[in-house]
Amino acid sequence: MTTSIASASTSTASTSTTAATSTTSKTTAAAKIVSAMGAGSGIDTQALAASLIAAERAPRADAINKNISKNEALVSGYSAVKYALSNLQTAFDALKDKSDYTSITVSNSNTSAFTATAGTSASAGTHSVLVHSLATAQRNTGTVGFATSTTAINSGSAMSLSVDIAQSSTGTMGFVSADTAINGGDAMTLTLGGSAFSGGSAITVAAGSDTPTGIRDAINNANLGLSAEIVNTGDASKPYKLVVTGTAGVDHAFTISSNAAGIDFDTTIQSASTSSVSISAGSDTPAGIVEAFNNAGLDVSAQLVNTGDPSTPYKIAVAGASGKYNAFTVSSSATGLNFDTTLQSASNASLTVDGIQISSSSNTVSDAIPGVSLSLVGTTTSAATVALSNNTSAVTTKIGALVSAYNDAMDLFDELTNAKSTLETYGGTMAGNSTMNTLRAELRTLVTQDSSTASSSGTLSALRDIGVEINSKGRLTTNSVKLDVAVNFNFANTVTLLSGNQENQSAYDSADSGLAGDASKSIISLLSSTGTVATESGNATTRISKYQDDLTALEDRMTQLLARYTKQFAAMDSIVGQTRNTQTGLTSTFAGLMAMYTKN
């Protein structure tokens with residue numbers, strides 16, 4: 001029996017030792033089992049099995065977790081790379097379109113007469129502006145004043161006001177000069193229609209008078225209630241147009257057609273209209289009339305003014321919109337009220353821009369200087385100078401941002417690849433990664449290569465020619481003198497060098513895009529779903545998933561091994577128990593026999 005116990009103990013020790021040959025801890029655990037069993041004591045088989053499994057699992061799980069951590073670090077590193085590349089792309093994007101360079105600085109020698117605001121279509125240049133007169137709005141009042149603002153004007157009865165505006169029309173085409181022949185020198189006929197000429201009427205223009213001047217004179221000399229004038233619109237090629245104005249009121253609307261194809265009057269500047277303002281009974285007071293007038297929704301407004309007259313200080317003043325074609329008349333159904341006194345006539349602003357006479361119904365004049373809006377506030381006695389210059393400081397700021405973005409990217413790459421980096425989260429995550437060397441080389445090429453538009457950029461070929469150079473540490477520096485010379489004295493070529501004079505070019509457009517445009521396309525490619533960054537990050541993510549599957553499989557194996565160990569140890573424990581019971585029985589038997597021998 002002793003031999004059997006020893007045999008069982010040896011067998012158990014052999015099995016445990018074989019299962020634990022890879023680690024000292026497993027050998028120690030097996031030795032404890034043998035020792036405990038050899039001593040004939042009870043064993044916590046669950047704890048022993050768990051200890052063996054932990055020793056089995058630890059080195060394998062540690063290896064897998066190290067691989068997971070390594071690839072998670074790569075994913076974090078590539079996210080930092082993506083951030084740096086995105087910032088660099090943003091810096092290049094700020095320089096890749098021609099419109100990125102259209103910021104204009106305006107200098108005005110007479111700000112007391114007008115202000116000048118440049119839009120995106122303005123270009124550098126110098127212009128002269130002479131303001132002769134401002135656009136004014138018609139302003140009328142009555143010949144009669146009132147003692148108070150509540151004085152009854154129509155004995156308390158209801159009344160009405162009629163506001164009439166005259167039609168003004170011009171043509172869709174302009175003329176080179178006021179003496180341009182419109183009908184080849186032949187006679188021509190203007191046919192009149194509309195409410196004003198419902199019975200039909202015509203004006204004959206004699207042969208040789210088929211010019212804007214001749215037609216103007218023919219209309220004015222016909223005495224048909226129409227007046228004509230020639231205006232200079234400021235158009236660069238055909239500035240002269242005829243404008244015809246009728247009598248105020250909707251009943252005086254008119255049409256003009258011509259048998260000559262070279263002229264029309266199809267553009268309505270102002271439509272003929274008649275509007276009625278109703279004043280209810282009891283509201284026939286100066287204050288009531290002003291309120292009704294302003295609530296009527298017309299382009300003519302009213303206000304109550306105190307003239308300071310000792311007996312009848314209150315008068316009603318009415319005013320329209322600025323511009324000569326916004327003239328109006330106001331009549332009243334009540335005899336106690338009129339608006340016959342013109343305080344100010346409606347007139348257009350008159351100015352000369354670069355030698356061209358211009359008339360404007362508004363004091364805001366657009367495109368008299370291309371891309372520039374002039375707001376007139378006064379007149380000038382001599383020509384003022386408006387100087388438009390390229391905003392070079394905006395360009396140098398953008399180039400400075402590019403230099404910073406590139407250097408920031410290089411600094412980050414250094415931290416990512418430095419195993420001793422102390423940068424939180426990202427430091428050292430890409431140490432030994434060859435992809436980083438490839439990315440460094442690609443970015444360096446972007447800022448050192450010649451522009452795709454170098455052949456059309458004059459003497460400029462690359463960033464180094466405008467003062468952006470790379471130093472011995474691989475960082476960009478700015479030669480401020482060289483950059484200032486480029487943007488101040490070679491601006492157009494600088495724009496071509498960087499943007500290729502392109503606008504909103506697609507990343508898939510193969511046309512030359514300038515240095516900034518080409519660089520932006522390259523970075524877009526790097527950041528695309530099939531680019532280097534996404535591909536390498538995706539590969540790392542795939543590996544993480546695989547290693548996580550390996551961890552799951554390891555846990556499954558350990559669970560199965562734990563069940564086997566638990567079963568085996570339970571069986572061993574049962575055998576030990578049986579052996580101890582047998583030992584106890586034999587001991588009792590031997591004791592009995594010894595007692596019998598002793599008695600005998």
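Note that these values count all heavy atoms, side chains included, but never hydrogens, waters or copies made by symmetry.
In plain terms, the two heavy atoms of S345 and T136 that are nearest each other are O-OG1, 2.8 Å. Summarising the geometry of T285 relative to T150, their closest heavy-atom pair is CG2-O, 3.3 Å, with the distance given to 0.1 Å. Taking all atoms of both residues into account, the shortest heavy-atom contact from L402 to L95 is CD2-CD1, 4.1 Å. Of all non-hydrogen atoms in A462 and D450, the two that sit nearest each other are CB-OD1, 3.7 Å. Heavy atoms only, all atoms of each residue included: I165 and A327 are closest at CG2-O, 3.7 Å. Contact between P212 and A178 at its shortest, heavy atoms only, is CD-O, 3.3 Å.
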Step by step, would you call S311 with D309 a side-chain hydrogen bond (donor to acceptor under 3.5 Å, both in side chains)? CA-CA 6 Å; S311 57; D309 184 274; 3.0 Å; yes
Test side chain to side chain contact (heavy atoms under 4.5 Å, CB included) on L483 and I399; report intermediate values, then the result. CA-CA 9 Å; L483 180 58; I399 291 175; 3.6 Å; yes
Working for side chain to side chain contact (heavy atoms under 4.5 Å, CB included), residues K96 and S499: CA-CA 4 Å; K96 74 180 182 67; S499 72; 5.6 Å; no
Determine, stepwise, if the pair S393 / T396 fulfils side-chain hydrogen bond (donor to acceptor under 3.5 Å, both in side chains). CA-CA 5 Å; S393 63; T396 54; 5.6 Å; no
Check against side chain to side chain contact (heavy atoms under 4.5 Å, CB included), V386 and F114: CA-CA 10 Å; V386 175; F114 62 90; 3.6 Å; yes
List the steps, then state whether side-chain hydrogen bond (donor to acceptor under 3.5 Å, both in side chains) holds for N493 with N490. CA-CA 6 Å; N493 283 333; N490 206 356; 2.8 Å; yes
Kindly indicate, with the supporting measurements, whether the criterion side-chain hydrogen bond (donor to acceptor under 3.5 Å, both in side chains) is fulfilled by N294 and S301. CA-CA 5 Å; N294 291 333; S301 60; 4.8 Å; no
For the pair I153 and I289, evaluate side chain to side chain contact (heavy atoms under 4.5 Å, CB included) and give the outcome as yes or no after the intermediate values. CA-CA 10 Å; I153 296 173; I289 292 171; 3.4 Å; yes
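No side-chain donor from either of S361 and N348 sits under 3.5 Å from a side-chain acceptor of the other. Side-chain contact check for Q357 and S350: at least one donor-acceptor pair (N or O, by modelled atom type) lies under 3.5 Å. Side-chain contact annotation: T453 with S451, donor-acceptor N/O pair under 3.5 Å present. If you check the side chains of T151 and T148, you find a donor sitting under 3.5 Å from an acceptor. Neither side chain, T341 nor T141, offers a donor N or O lying under 3.5 Å from an acceptor on the other. For the residue pair S169 / Q167, a side-chain donor-acceptor distance below 3.5 Å is found, with atom types taken as modelled. Side-chain atoms of T102 and D100 form no donor-acceptor pair, as typed in the model, at a separation below 3.5 Å. Side-chain contact, Q138 with N326: no donor N or O sits under 3.5 Å from an acceptor N or O. With hydrogens and angles left out, the side-chain atoms of D518 and S452 include a donor and acceptor closer than 3.5 Å. Side chains of T143 and N338: a donor on one and an acceptor on the other come within 3.5 Å.
Although no hydrogens or angles enter the test, the distance criterion places a donor-acceptor pair under 3.5 Å between the side chain of S362 and the main chain of T364. The backbone N or O of F339 sits less than 3.5 Å from a side-chain atom of N140, completing a donor-acceptor pair. A donor-acceptor distance shorter than 3.5 angstrom exists from the side chain of D284 to the backbone of S155, with no hydrogens or angles considered. A donor-acceptor pair is defined here as one N or O able to donate and one able to accept, closer than 3.5 Å; no such pair exists between the side chain of S107 and the backbone of T105. Checked by atom type and distance alone, the side chain of N306 never pairs as donor or acceptor with a backbone atom of Y314 at under 3.5 Å. Judged by distance alone, with hydrogens and angles left aside, the side-chain atoms of D264 form a donor-acceptor pair with the main-chain N or O of T172 at under 3.5 Å. D164 places no side-chain N or O within donor-acceptor distance of the main-chain N or O of V330, the cut-off being under 3.5 Å. Checked by atom type and distance alone, the side chain of N259 pairs as donor or acceptor with a backbone atom of T189 at under 3.5 Å. Using a distance-only test at 3.5 Å, with no hydrogens or angles considered, no donor-acceptor pair links the side chain of N154 to the main chain of G156. Not a single donor-acceptor pair under 3.5 Å links the side chain of D512 to the backbone N or O of G514.
Side-chain atoms of T117 and V372, non-hydrogen and from C-beta on, never get closer than 4.5 Å to each other. V487 places none of its side-chain heavy atoms less than 4.5 Å from the side chain of I466. Put simply, the side chain of I203 reaches to within 4.5 Å of the side chain of L192, judged on heavy atoms. With a 4.5 Å cut-off on side-chain heavy atoms, L376 and V365 count as touching. Looking at T352 and V131, their side chains never come closer than 4.5 Å, going by heavy atoms from C-beta outward. Here the side chains of I219 and D217 are not in contact, with every heavy-atom distance at 4.5 Å or above. Using a 4.5 Å heavy-atom threshold, the side chains of L527 and Q89 count as touching. Residues L161 and S275 are not in side-chain contact: their nearest non-hydrogen atoms beyond the backbone lie 4.5 Å or more apart.
Considering CZ of F265 and CZ of F254, their distance stands at 9.0 Å, rounded to 0.5 Å. The CG atom of D465 sits 10.5 Å away from atom CG of L515, with the distance rounded to the nearest 0.5 Å. Here the straight-line distance linking atom CD of Q505 with atom OG of S510 works out to 8.0 Å at 0.5 Å rounding. From D251, atom CG reaches atom OG of S273 across 11.0 Å, with rounding to the nearest 0.5 Å. Going from atom CD of E503 over to atom CG of D97 covers 4.5 Å, rounded to the nearest 0.5 Å. Distance check: L304 CG to F146 CZ gives 9.5 Å after rounding to the nearest 0.5 Å.
A salt bridge does not link K398 with D93: every distance from a Lys NZ or Arg NE/NH1/NH2 to an Asp or Glu carboxylate oxygen is 4.0 Å or more. Of the charged side-chain nitrogens involved, at least one lies within less than 4.0 Å of a carboxylate oxygen, so that K324 and E229 count as a salt-bridged pair.
When each of V243, I230, V244 is tested with R216 by the rule side chain to side chain contact (heavy atoms under 4.5 Å, CB included), just one qualifies, namely I230.
More than 12 heavy atoms of other residues, nucleotides or ligands lie within 6.0 Å of NZ in K482, so this atom counts as buried by the packing criterion. Counting non-hydrogen atoms of other residues, nucleotides and ligands closer than 6.0 Å to CG of N108 gives a total above 12.
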